[in-house]
Every structure is written in C-alpha cells, then in structure tokens.
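The structure under discussion appears below in the form of structure tokens.
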Number of protein chains: 2
Amino acid sequence: MNKLQLPYDVYDDRCPTRDVLSRLADKWALLVLGCLEKEPQRFNSLRRHIRGITQKMLTQTLRKLERDGLISRKIFPTVPVTVEYSLSPLGKTLTHTMSFLTLWVEDNMDAMLAAQAAFDKANATS
Amino acid sequence: MNKLQLPYDVYDDRCPTRDVLSRLADKWALLVLGCLEKEPQRFNSLRRHIRGITQKMLTQTLRKLERDGLISRKIFPTVPVTVEYSLSPLGKTLTHTMSFLTLWVEDNMDAMLAAQAAFDKANATS
DNA sequence: CTGGATCCGATTAGATACTG
DNA sequence: CAGTATCTAATCGGATCCAG
C-alpha cells in the first residue's frame with residue numbers, strides 16, 4: 001500500500017479533493033449518511049428521521065452523494081413510485097467515520113457548552 | 001460508561017448538537033484541525049499551509065473552534081505580537097477522525113471521479 | 001410518494017483597506 | 001505579525017407551487 005506521493009492533496013486549493021471535501025463537510029450530508037448506515041431507506045423515511053431538513057435540501061444532498069458514488073438509488077416501478085436509497089460499497093467505507101463524528105458531538109456536548117460559556121464570559125466587554 | 005438515554009440527539013433539530021455539528025462539518029474547520037494536529041502553529045503559518053483560505057475565513061474558523069473549546073490560543077507579548085494556536089485536550093480527541101476524513105477523500109478520489117463521470121454521462125439529456 | 005422548478009430573503013465568503 | 005472593519009457578489013436555504 002504505497003501512500004507516498006499521492007497525486008491528491010486537500011491542502012492544495014486547485015486539487016479536486018477540495019470540492020469533494022466541501023460536499024462531505026456538510027451538516028446534511030453527514031446526517032443522511034449516518035441515517036443510511038442503519039438501513040436503506042426511502043425518501044420520506046429520511047425526511048422524517050432527519051428533523052428539520054427540507055425536501056429541497058434532502059433532494060440536493062442525495063443527488064450530490066449519488067453523484068460522488070457514495071449512495072445508490074433504486075427505483076421500484078410501483079404505483080405510486082417507490083425509491084430506496086442505500087449506501088454504496090464506497091459509502092460504507094466512510095460512514096463509520098461520519099457516524100463517529102455525530103456520536104462524538106453528542107458525547108462531548110456538555111464540555112463544549114461549558115467552553116462556550118467560559119469563552120463568552122471572558123469576551124464580554126459591553 | 002452509560003451511553004444510553006443521552007440527552008443529545010443530532011437528528012433532533014432543536015438539539016444544540018446541531019449547531020456544533022454545523023460548525024464542525026465545515027471545510028475550513030476540518031483543514032484547520034488537520035493542520036494543527038501535526039504541530040501548534042501561528043496564524044500566518046496556518047494561512048500558508050491551507051492554500052486558498054482567506055484571512056477572514058481563517059480568523060472566523062479559529063474563533064469558532066476556540067469558542068467550542070477545541071483549540072487554544074496563546075499570545076506571546078513579543079514585538080510584534082506572536083500568537084500560537086494549538087489543539088486543546090478536547091480537540092485532540094477529535095482530530096484523528098477529522099484527519100481520517102481528509103485522507104479518505106485523497107485515497108478515494110479516483111473512485112469518486114469515476115462515479116461522477118458515470119453519473120454525468122447517465123444524466124446527460126441535452 | 002418522490003421529486004422538479006421558481007422566487008426570494010438571509011447568510012456567507014471573497015476582496016480590499018486599515019491598525020496596534 | 002495578527003488581526004478588525006466594511007462592502008459586495010455569490011450562494012444557500014426555506015417556502016411554495018406543480019407533476020409523473
């Protein structure tokens with residue numbers, strides 16, 4: 001596994017990895033991937049599970065992730081139509097990290113709230 | 001370690017974890033944390049290393065991360081003033097995950113470029 | 001049910017100029 | 001060196017209406 005001299009570098013603006021990083025470093029993308037990690041789901045199931053996401057944002061996020069090959073979209077010609085979203089093999093190699101991030105946030109929320117309070121107190125000038 | 005019944009849930013849009021997640025799920029925040037993982041650095045060092053970041057975005061990102069308690073800021077009263085940014089203990093528990101994300105993107109860029117090309121070809125209607 | 005299309009206000013980010 | 005302040009262009013995201 002040669003990892004030296006990789007042609008890609010996220011610290012180089014002009015590198016295409018920047019674009020991908022921008023799309024992955026997104027609140028909705030994170031939540032969608034975390035949601036699909038549990039099980040494949042349909043559009044409205046995702047919408048109900050991810051509180052506060054609008055239909056527009058969900059559609060956009062799903063398209064972006066599909067285009068990058070992280071999720072796959074299967075259409076069942078029922079009436080009305082049924083669409084199921086699931087993680088692609090590539091997507092499955094990533095979701096563990098993404099889910100860890102959401103768990104980390106939940107686990108360390110108290111510490112961060114305390115840090116915020118301390119910061120705001122120290123910077124209260126008025 | 002009781003992880004059941006956590007009071008926080010990122011899938012709830014009224015949960016404060018959503019705010020934190022929005023700040024962490026940010027391209028610049030990711031790059032800054034990844035940069036600081038290697039070693040504490042000064043403002044202009046970060047700016048040079050993270051190609052394409054503007055001074056404004058760097059300042060904003062550093063403040064956000066500092067407020068959430070992920071990085072610490074030390075001022076040395078030299079002339080001119082020297083400011084060093086470093087990871088806080090809390091921040092250090094997170095950067096491994098963040099760095100993994102950037103490495104993952106670099107490692108899987110080829111696969112995603114191929115997926116993008118296939119997607120665009122399939123959706124080329126005009 | 002699963003979206004596409006559009007309007008529009010709010011937020012963001014880049015560029016530029018200035019400071020202790 | 002390490003920022004702050006301001007202006008503006010671009011983007012984002014919410015709301016709404018419509019459709020296969």
Side-chain angles (χ1 to χ4, degrees), chain A residues 13-14 18-32 35-36 40-67 71-86 119 122-126, chain B residues 13-14 18-32 35-36 39-67 71-86 119-120 122-126:
Chain A
D13 56 336
R14 294 185 316 179
R18 272 288 177 88
D19 300 325
V20 174
L21 195 66
S22 306
R23 287 195 288 275
L24 288 182
D26 174 78
K27 177 181 55 174
W28 298 129
L30 259 165
L31 293 174
V32 166
C35 217
L36 288 178
Q41 281 176 68
R42 295 172 39 195
F43 188 85
N44 278 340
S45 171
L46 287 168
R47 176 147 64 155
R48 279 190 301 270
H49 204 90
I50 306 171
R51 315 296 315 189
I53 194 171
T54 61
Q55 167 266 328
K56 180 185 177 182
M57 283 300 100
L58 181 53
T59 300
Q60 279 187 8
T61 304
L62 288 169
R63 289 294 167 280
K64 289 191 306 178
L65 294 175
E66 186 192 1
R67 189 175 109 95
I71 64 178
S72 63
R73 179 170 177 264
K74 284 179 193 158
I75 307 177
F76 299 94
T78 53
V79 179
V81 68
T82 299
V83 180
E84 186 188 76
Y85 292 92
S86 59
F119 182 91
N123 294 55
T125 45
S126 60
Chain B
D13 54 335
R14 292 170 310 178
R18 271 288 176 88
D19 300 325
V20 174
L21 194 66
S22 306
R23 288 194 289 274
L24 288 181
D26 174 79
K27 177 180 55 175
W28 297 130
L30 261 163
L31 294 173
V32 166
C35 217
L36 288 178
E39 55 182 348
Q41 281 176 67
R42 300 180 24 203
F43 188 86
N44 279 339
S45 171
L46 287 167
R47 174 147 69 153
R48 278 189 301 271
H49 203 90
I50 306 172
R51 313 296 316 189
I53 195 171
T54 60
Q55 159 271 340
K56 178 184 175 182
M57 283 301 99
L58 182 53
T59 299
Q60 279 187 9
T61 304
L62 288 170
R63 287 295 168 279
K64 289 191 307 179
L65 294 174
E66 186 192 0
R67 190 175 108 96
I71 64 177
S72 64
R73 180 170 177 265
K74 284 180 194 158
I75 306 177
F76 299 93
T78 53
V79 179
V81 66
T82 299
V83 180
E84 187 188 75
Y85 293 94
S86 58
F119 182 91
D120 292 343
N123 293 55
T125 45
S126 61

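Each chain gets a letter, A, B and so on, in the order the sequences are listed, and its residues count up from 1.
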### Query
Nearest-Å distance, CD (A:Q55) to P (D:dC12)?
17 Å
#### Entry: B:L58 CG - D:dA5 C1' separation (whole Å)
17 Å
### Message
For D:dC1 and B:T82 - does any side-chain N or O of the residue sit under 4.0 Å from the phosphate oxygens OP1/OP2?
### Response
no
### Summary
Assign each of B:R48 and B:T59 the nucleotide of DNA chain D bearing its closest heavy atom; nearer the 5' end lies the nucleotide of B:R48
### Task
Establish, with yes or no, whether the OP1 or OP2 oxygen of D:dA2 is under 4.0 angstrom from a side-chain nitrogen or oxygen of B:R73.
no
#### Entry: Nearest listed nucleotide, side chain of B:R63, among D:dG3, D:dC1, C:dG3
D:dG3
### Query
Short question: side chain of B:Q41, backbone of B:C35 - any donor-acceptor pair under 3.5 Å?
yes
### Query
Counting side-chain heavy atoms from CB outward, which of D:dG3, C:dG4, C:dG20 is closest to B:V81?
C:dG20
#### Entry: Whole-Å gap separating P (C:dG3) and CZ (A:F76)
13 Å
### Message
Using a heavy-atom cut-off of 4.0 Å across all strands, would you classify B:R47 as base, sugar-phosphate, or nothing?
### Response
nothing
### Query
In whole angstroms, how far is the C1' atom of C:dG3 from the CD1 atom of A:I53?
14 Å
### Summary
What one should report as the nearest heavy-atom pair of B:A29 and B:D26 is N-OD2, 2.9 Å
### Distance, rounded to the nearest Å, where A:I50 contributes CD1 and C:dT2 contributes C1'
15 Å
### Message
Between P on D:dG3 and CE on B:M57, what's the gap in Å once rounded to a whole number?
### Response
15 Å
### Under 4.0 angstrom between A:Y85 side-chain N/O and C:dC1 OP1 or OP2
no
### Task
Kindly point out which of D:dT6, D:dG14, D:dA2 is positioned nearest to the side chain of B:K56?
D:dT6
### Task
Take A:F43 and B:K27, find for each the nucleotide of DNA chain C with the closest heavy atom, and name the residue whose nucleotide sits nearer the 5' end.
A:F43
## Note on the structure
All heavy atoms of B:F76 vs all of B:V81, minimum pair found to be O-CG2, 3.6 Å
### Summary
B:E84 atom CD is separated from D:dG3 atom C1', nearest whole Å, by 17 Å
### Query
Could you state the CG-P distance from A:L46 to C:dG3, rounded to the nearest angstrom?
10 Å
### Query
For B:R42 and B:T82, what are the C-alpha separation, side-chain angles and deciding distance, and is it a side chain to side chain contact (heavy atoms under 4.5 Å, CB included)?
CA-CA 7 Å; B:R42 300 180 24 203; B:T82 299; 3.4 Å; yes
### Task
Count the heavy atoms of every other residue, nucleotide or ligand shown that sit under 6.0 Å from CZ of B:R51, and state whether that count exceeds 12.
no
#### Entry: B:R42 side-chain N/O to D:dA2 phosphate OP1/OP2 under 4.0 Å
yes
### Query
Between D:dG14, D:dG3, C:dA13, which nucleotide gets closest to the side-chain atoms of B:Q60?
C:dA13
